[in-house]
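The sequence lines fix the lettering, A, B, ..., with proteins before strands; numbering per chain opens at 1.
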Protein chains: 2
Amino acid sequence: MSEPASKHDVFQAIADPTRRRLLHLLSDQEMSVTIISGHFTMSRTAVSKHLRVLAEAGLVKDQKVGRETRYRLDPEPLLELKKWVSYYERFWENKLSSLKRFVESDDSDVMDSFPPLTVVDRNEK
Amino acid sequence: MSEPASKHDVFQAIADPTRRRLLHLLSDQEMSVTIISGHFTMSRTAVSKHLRVLAEAGLVKDQKVGRETRYRLDPEPLLELKKWVSYYERFWENKLSSLKRFVESDDSDVMDSFPPLTVVDRNEK
DNA sequence: ATTAAATGAAACCAAATGGTTTCGTAATTA
DNA sequence: TAATTACGAAACCATTTGGTTTCATTTAAT
């Protein structure tokens, strides 16, 4: 059932700002390569390569229509990303509450709020 | 107030699987560089460089304690990621609901054992 | 006072990345 | 049929990335 995890995963695919722009563009509507690259200053070939990376990550699907290739968004792989982020949500909940504590306690000497036990932890390999 | 958006953003920081492992490790507890790198096969220096990338993205904070440097998770920048993903949620909602429509309209009995709420379900562990 | 531990900086390297230009080949149009 | 359009493949290039080893420095332990 699991995909062969081809070379490019979602995390890597969205790392590049150009590719994020591409996803956003395609979220609007399906488009051909030439039309798409009309929205960028770089060459069509460069855009095409970005599209292929996205396709390998499953984030876009392509369909040949005559001599052109239409690309459309497939947001499904973003579920993995959402799931990954959701794991950390409870931590930023914690952080916000400690931030709140910090703000309420005020004072500029930040280090005072770190008790000795921070220094004393016991980690061993 | 806002950071100068130095060289590494969240998207790039989490693109690397090693760095994702690091975040997960640190979500458990604050740890020193040596202890951290004990969890990896690569050199301590390599781990240290990954930690710096994470720090530049604001995902971890470091604190010197004696001769060691403690790193801890700071999940706050992940909010940006969450926000980014959330934009696309409506698209996969559409996709899921059209899947739902498809399943419901289809008279094949394959999916009958899955109650509708499986499709509509919006949270997971 | 030595010695050992913890770490970052630096120099280096191979591979990946993001871009270019050129060329070949279908498909469309004149 | 001939010209044009849409596109990918290929070769190439500079920079970034992810890793290494070596070295210097600060701090802790004997």
Inset, instruction - Classify the side chain of B:K49 and the base of C:dG8 as holding, or not holding, a donor-acceptor pair under 3.5 Å. - result: no
Legend entry - For atom NE2 of B:H50 and atom P of D:dT16, their distance in whole Å: 17 Å
Inset, instruction - Nearest whole angstrom, please: distance from the P of D:dG18 to the NE2 of B:H8. - result: 7 Å
Inset, instruction - Using whole Å, report how far CD of B:Q12 lies from P of D:dG18. - result: 7 Å
Inset, instruction - For residues A:P77 and A:G58, report the shortest heavy-atom separation together with the two atoms involved. - result: CG-O, 3.3 Å
Legend entry - Spacing between A:F11 atom CZ and D:dT17 atom C1', to the nearest angstrom: 19 Å
Inset, instruction - Answer yes or no: does a side-chain N or O of A:Y71 lie under 4.0 Å from OP1 or OP2 of D:dA6? - result: no
Legend entry - Heavy-atom side-chain contact between B:E30 and B:Q63 under 4.5 Å: yes
Legend entry - From CA spacing to verdict: salt bridge (charged side-chain N to carboxylate O under 4.0 Å, His left out), B:E80, B:K82: CA-CA 5 Å; B:E80 184 189 354; B:K82 182 188 172 64; over 6 Å; no
Inset, instruction - Give the B/S/- string for nucleotides 22-30 of chain C, one per nucleotide from 5' to 3', where a protein heavy atom under 4.0 Å of the base yields B, of only the sugar-phosphate yields S, and otherwise -. - result: -----BBS-
Legend entry - Flag side-chain contact, heavy atom, 4.5 Å: A:L54 against A:L26: no
Inset, instruction - Taking all non-hydrogen atoms of both residues into account, name the closest pair between A:T18 and A:H50 and its distance. - result: CG2-CD2, 3.8 Å
Inset, instruction - Rounded off to whole Å, could you give me the CD-to-C1' distance for the B:E68 and D:dA29 pair? - result: 14 Å
Inset, instruction - Provide, to the nearest angstrom, the distance between the CD1 atom belonging to A:I36 and the P atom belonging to D:dA6. - result: 13 Å
Inset, instruction - Ignoring hydrogens and angles, state whether a donor on the side chain of A:S27 or B:Y87 is under 3.5 Å from an acceptor on the partner side chain. - result: yes
